[in-house]
Amino acid sequence: MDLVEESPYRFRIDRRDPMRVPGVVYASPALLPDAGSDKSLEQVANVATLPGIVGASYAMPDVHWGYGFPIGGVAATDVAAGGVVSPGGVGFDISCGVRLLTADLDRAALRPRLDALMDGLGESTPRGMGRGAVWHLGDRAELDAVLRGGSRYAVERGFGVPRDLDRCEDRGAVHDADPAQVSARAIERGAGQVGSLGSGNHFLEVQAVEEVYDESVAAAFGLRAGQVCVMIHCGSRGLGHQICTDHVRVMEGVMPGYGIDVPDRQLACAPVTSPQGRAYLAAMAAAANYARANRQLLAHAARQVFARVVGCDLDLVYDVSHNLAKIEEHRVDGTPRRLCVHRKGATRALPPGHPDLPEDLRPVGQPVLIPGSMGTASYVLTGVPDAPAWASTCHGAGRVRSRTQASRAVRGHDPRRELAARDVAVRGASRRGLAEEMPEAYKDVTAVVAVAEGAGLCAKVARLVPLGVVKG
DNA sequence: ATGTTC
């Protein structure tokens, strides 16, 4: 893959047939994926062939190999110009994302109660593979209400407060979700998992604000140095996974009929305005709402534990997805266009002044929540004016070792003890689960964030460090 | 990421 270094944090993959646009990789030389073991830059070039793509096929600094699209990939297609939507551009964990809550409590005051708090959170957070959930749904009609209403429905049913919705992307629910586009199998997989963490890199962490980089933005977000926070990272569980599987299969079948030829089967797609494109977006929206309700319910469970153990409430800073396709208006060559923006392992980062931000956040921009690898640090960023890549930035540290490689690498180590040595209390998680998530398996989140900021994609607001983690 | 292979 020929990369042209355009500036310190920006590399270009020149357009060559059948690419329709160039590739743009935001990275430093040290963060570029290893071409021997990671095909993500070839995937950036493949994405550039999608019908209707505009601008460039973008890669964020945490890019790595994924299904069809790279994880850390951003691509927008022009809806009115035959632009396509591709399930592989969203990924299997639809609307996987992060929510951050703050406690009116400083880390020093929590210290004597941390073990009790972690015990409580460990008990009240359903996690791991398979079933177990905060909410046991009455019937299919209630699950449909979750799929249509997301966090909004969860709050209506008492799992949260109305203010939470002001601090959720899309005010807690994506429009145009249609449960009728969700297969019986997806429903079956999702019914018993509403309000559950899952496994892999998903977690619920108690953190402390270690450093503030921008006092005024941090204050607008409700963050101060030393403050205790809760970060929840999870997605749409088996339901989103099944929806992706179902719709990839449909699109594989209809692509030839639309005259679409892609260099990789995993880039199965259909025009946004086609029946199959619309069906996918309606099902994807349902999964997105499921994921948001999921985070709302886990936050509710955490609030109950905080109230009981330390006697304080949790305020929502923000809830944002990092795996989603959205229809958004952006200027292309100076003209406003309706685009289908795919963000896969990438975070929307609205600039200050954007009309979709709640009034109190509008002067400072959208909070962007970046979970680091286990036991390291997480970041809060904000959107910046005139950001490239359709107002998108990185989403996390980015894996550099496969799960198998990571598992092999910790042979002879005790991951739980090593985390304890870093002063991080762990609840849940199998030895193998921890092994796969050790920081050595990931890029350095601090380097990723520095490049994202250096490239003009976002600005740093605060760094958070873990005190305790609940894992699947 | 995932009832870790329909």
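Every chain is numbered from 1, with letters handed out A, B, ... down the list of sequences.
- Under the 4.0 Å criterion applied to side-chain N and carboxylate O atoms, Glu437(A) and Arg403(A) are assigned as salt-bridge partners.
- Under 4.0 angstrom from either OP1 or OP2 of dT2(B) there lies no side-chain N or O belonging to Thr245(A).
- Using a 3.5 Å distance cut-off with no hydrogens or angles, the side chains of Gln296(A) and Asp164(A) do pair a donor with an acceptor.
- Protein atom CG of Asp93(A) is 6 Å distant from nucleotide atom P of dT2(B), rounded to whole Å.
- For His202(A) and Asp93(A), the side-chain atoms include at least one donor-acceptor pair closer than 3.5 Å.
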Grab the N/O contacts between the protein and nucleotides 3-6 of chain B below 3.5 Å, and write none if there aren't any.
residue : atom : partner   : partner atom : Å
dG3(B)  : OP1  : Arg189(A) : NH2          : 2.1
dG3(B)  : OP2  : Gln193(A) : NE2          : 3.0
dG3(B)  : N2   : Arg189(A) : NH1          : 2.8
dG3(B)  : N2   : Arg189(A) : NH2          : 3.4

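- Lys471(A) has no carboxylate O lying under 4.0 Å from a charged side-chain N of Glu205(A), or vice versa, which leaves the two without a salt bridge.
- Rounded to whole angstrom, the span from the CZ atom of Arg127(A) across to the P atom of dT2(B) amounts to 14 Å.
- Other residues, nucleotides and ligands contribute only 12 or fewer heavy atoms inside 6.0 Å of the CG atom of Asp261(A).
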